[in-house]
There are 2 protein chains.
Amino acid sequence: MNLNELIETSGEWLRGIGPESDIIVSSRIRLARNVAGYHFPSRASEASRREIAGILRDHIADLANDPPLSFVDIEDLNKLDRQFLVERQLISREHAESSGPRGACIGPKETVSLMINEEDHLRMQVLRSGYALDSCWDEISRIDVGIEERVQFAFHDEFGYLTSCPTNVGTGMRVSVMLHLPALVITKEIQKVFQAMHKMNLAVRGLYGEGSQAMGDFYQISNQITLGKSEEQIIQNVKRVVPDILDYERKARHALIKGDRQRLHDQVSRAMGVLANARRISTEETMELLSSVRMGINLGLIDNIPLSTVNALCIQTQPAHLQKLRGETLESAERQTARATLIRERLHDQNEAN
Amino acid sequence: MNLNELIETSGEWLRGIGPESDIIVSSRIRLARNVAGYHFPSRASEASRREIAGILRDHIADLANDPPLSFVDIEDLNKLDRQFLVERQLISREHAESSGPRGACIGPKETVSLMINEEDHLRMQVLRSGYALDSCWDEISRIDVGIEERVQFAFHDEFGYLTSCPTNVGTGMRVSVMLHLPALVITKEIQKVFQAMHKMNLAVRGLYGEGSQAMGDFYQISNQITLGKSEEQIIQNVKRVVPDILDYERKARHALIKGDRQRLHDQVSRAMGVLANARRISTEETMELLSSVRMGINLGLIDNIPLSTVNALCIQTQPAHLQKLRGETLESAERQTARATLIRERLHDQNEAN
């Protein structure tokens, strides 16, 4: 797979389409699996891990996918390319930063990514734009079944699928939705959402998963419990809270609009003004301003920029994307300049097109 | 005089032309005079002040000015119109806010303004754009001589011209230059300038004279001593420090550009972005951002906006100007909106014209 082909595009999950896409950026399901008869990656020898990588790669290649999944040998990638895949949500930061034989099989449109030798031998992910947990589940089940026809996974009659970390034992499943909640952040009600989620055993994380800071008011909500429930129940548990959060965010947006439409319009317009004019800008500020613009588009306060442009900028302004787009390694200060230039160009092109 | 005719224009002093106009916005000389045989305004009866107003108005009308000065009866003006004249620097805030018979004779292009019954019976002012103290002096002398041919001023052989406040006795003269010193503010060297000025018995004030806050990095430097020196010496005292300040500010600008041109460009571009997009904005923020843009133009970082547009916006975004332009009384919050709209329109028109 030639990563450079991905640079100018953004994955399906960033298309800004699908149900509830004014708030739900993307839906994601991942399954953790291990090949029976081998140590988990953290305990396996390099030779053993190489063997597993070969087995999984071959079997995945046999799957009836059209077009087929592309294999990426993470060991062969330089740091920039690995970071690039992290930014695209195709591999985890841990997978990028670890060492030894490991890979990823990436599907067309980047909806599917199968990590080999991450924390578990196999981590399968389906990621789609908007609220699409059912279709994520259909697709990941199909892949899971397809691979399981060829490989025997470590499975315990009582516990279910065995995983490297006990928190994943059972279904090995993590179901998540990435939410854009700017109004709840402005109205400071976001903490209440967090508290409600924790009570329901759901986790709240930032844009780049575990341990990552929430940037641009993007929050990922996912299940914490993988054991003692069926896959359908776990999906149902996440789906149960979504309508309330959507309702909560929409009410906050409308309260803001109704309370002081102009203040919101001012915030959103200024964000556009700064993005379209800055000569250097950090990732954090970019995400913060894009978040305002995104909300502005969804509330009809900005009409000359499509949501997909904002979504694309969210990812293309990330450090590795920026460097891949420029075709060179850039220091932090240089990236701030390149980022501002890219944003100005994209917003300008968009204005020209209108 | 119909004040509404002035609204769409800005006085000569805001044209952004003249020597050193990258830093020296305007030059101003005023003379304080009192008619012999009458109490100073603060001690005079209303009848007496009305008599003085009549005498001065008539004699001023006799001056060979072509076109003649226009008389404005301040007593007849509403609060908004009085504030409007303050913003244009044609009358002082004190003159606007006091009561009783008083007026102003305003010359074409607003370079000349003669206040009647302010702190003294007559306060004559000549105000010009750029560094133009000599031509200010020529013009104010001519007017002073012209009036003194017709009116006997209170004059003491030893002290000179007598004035209501002892600090003006002697020449009754205040010589000032309005400087735009953004780089010295950024580099925090402005305090050194203040200290140097105070040591030389020069006063430093904000845009609207005594007691006013410095807004938008505009500082007015003027003499404090009016007694014991000739008019030429007083002008010379102010002129003596100007080259050093110009040099100091220019060096600071070049150091900023040389040290981190892009940081400055970023600041200036963001200021433009916010001005061109905000939906509500305060006077203070407007002045701060216009100050950045003004410096940007002078340093060649912005080339699609003329200095005169920025100068005009500095005055037309002031509260009374804004309300006169809109033709209605506006509350503070409404003014913030009207101000943002005006700025967006002006900057947009300017962009269209380019």
Side-chain angles (χ1 to χ4, degrees), chain A residues 256-257 259-286 288-290 292-293 295-297 299-305 313 317 330-348 350-352 354, chain B residues 256-257 259-286 288-290 292-293 295-297 299-305 313 317 330-348 350-352 354:
Chain A
L256 284 174
I257 278 266
D260 195 346
R261 179 187 178 88
Q262 199 192 53
R263 203 191 69 81
L264 207 63
H265 197 179
D266 183 54
Q267 181 195 320
V268 162
S269 293
R270 282 169 180 251
M272 267 298 285
V274 172
L275 285 170
N277 286 279
R279 301 271 152 183
R280 58 165 70 163
I281 191 164
S282 68
T283 311
E284 290 71 24
E285 188 184 2
T286 300
E288 193 185 304
L289 297 175
L290 286 174
S292 281
V293 170
M295 177 172 61
I297 294 170
L299 290 173
L301 299 170
I302 291 181
D303 54 12
N304 56 346
I305 301 286
L313 279 174
T317 55
L330 301 170
E331 295 301 310
S332 171
E334 295 169 322
R335 288 203 298 273
Q336 295 221 356
T337 310
R339 183 176 295 116
T341 304
L342 176 78
I343 298 168
R344 286 202 314 279
E345 284 169 2
R346 292 290 161 92
L347 295 181
H348 185 74
Q350 207 58 58
N351 259 329
E352 297 279 294
N354 278 288
Chain B
L256 284 175
I257 278 265
D260 195 346
R261 180 189 177 87
Q262 199 192 54
R263 204 191 67 82
L264 207 61
H265 197 179
D266 184 52
Q267 181 195 320
V268 162
S269 294
R270 282 168 180 251
M272 266 298 284
V274 172
L275 285 169
N277 287 279
R279 300 271 151 181
R280 59 166 70 163
I281 192 164
S282 68
T283 311
E284 291 69 23
E285 188 184 3
T286 300
E288 194 184 303
L289 297 175
L290 286 173
S292 280
V293 170
M295 178 172 61
I297 294 170
L299 290 173
L301 298 170
I302 291 181
D303 54 13
N304 56 347
I305 301 285
L313 279 174
T317 55
L330 300 171
E331 294 301 310
S332 171
E334 295 169 322
R335 288 203 299 273
Q336 295 220 357
T337 309
R339 184 176 294 115
T341 305
L342 176 78
I343 297 168
R344 286 202 314 279
E345 284 169 2
R346 292 289 161 92
L347 295 181
H348 185 73
Q350 207 57 59
N351 259 330
E352 297 280 295
N354 277 287

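Below, chain A is the first sequence line, B the second, and so on; all start at residue 1. The analysis underlying the following values was restricted to heavy atoms, covering all of them including side chains, and did not include hydrogens, waters or symmetry mates. Nothing here was measured: the structure is a model prediction, and the numbers come from that model.
Other residues, nucleotides and ligands place no more than 12 heavy atoms under 6.0 Å from the CZ atom of B:R263.
For a residue to count as touching a neighbouring chain, one of its non-hydrogen atoms must lie under 4.5 Å from one of that chain's; by this rule B:A278 touches chain A with backbone and side chain alike. At a 4.5 Å heavy-atom cutoff, the contact between B:I281 and chain A is made by backbone and side-chain atoms alike.
A donor-acceptor pair is defined here as one N or O able to donate and one able to accept, closer than 3.5 Å; such a pair exists between the side chain of B:D266 and the backbone of A:R280. Checking side-chain atoms of A:N277 against main-chain N and O of B:R270 turns up no donor-acceptor pair under 3.5 Å.
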Test side chain to side chain contact (heavy atoms under 4.5 Å, CB included) applied to B:L264 and A:R279, step by step: CA-CA 9 Å; B:L264 207 61; A:R279 301 271 152 183; over 6 Å; no
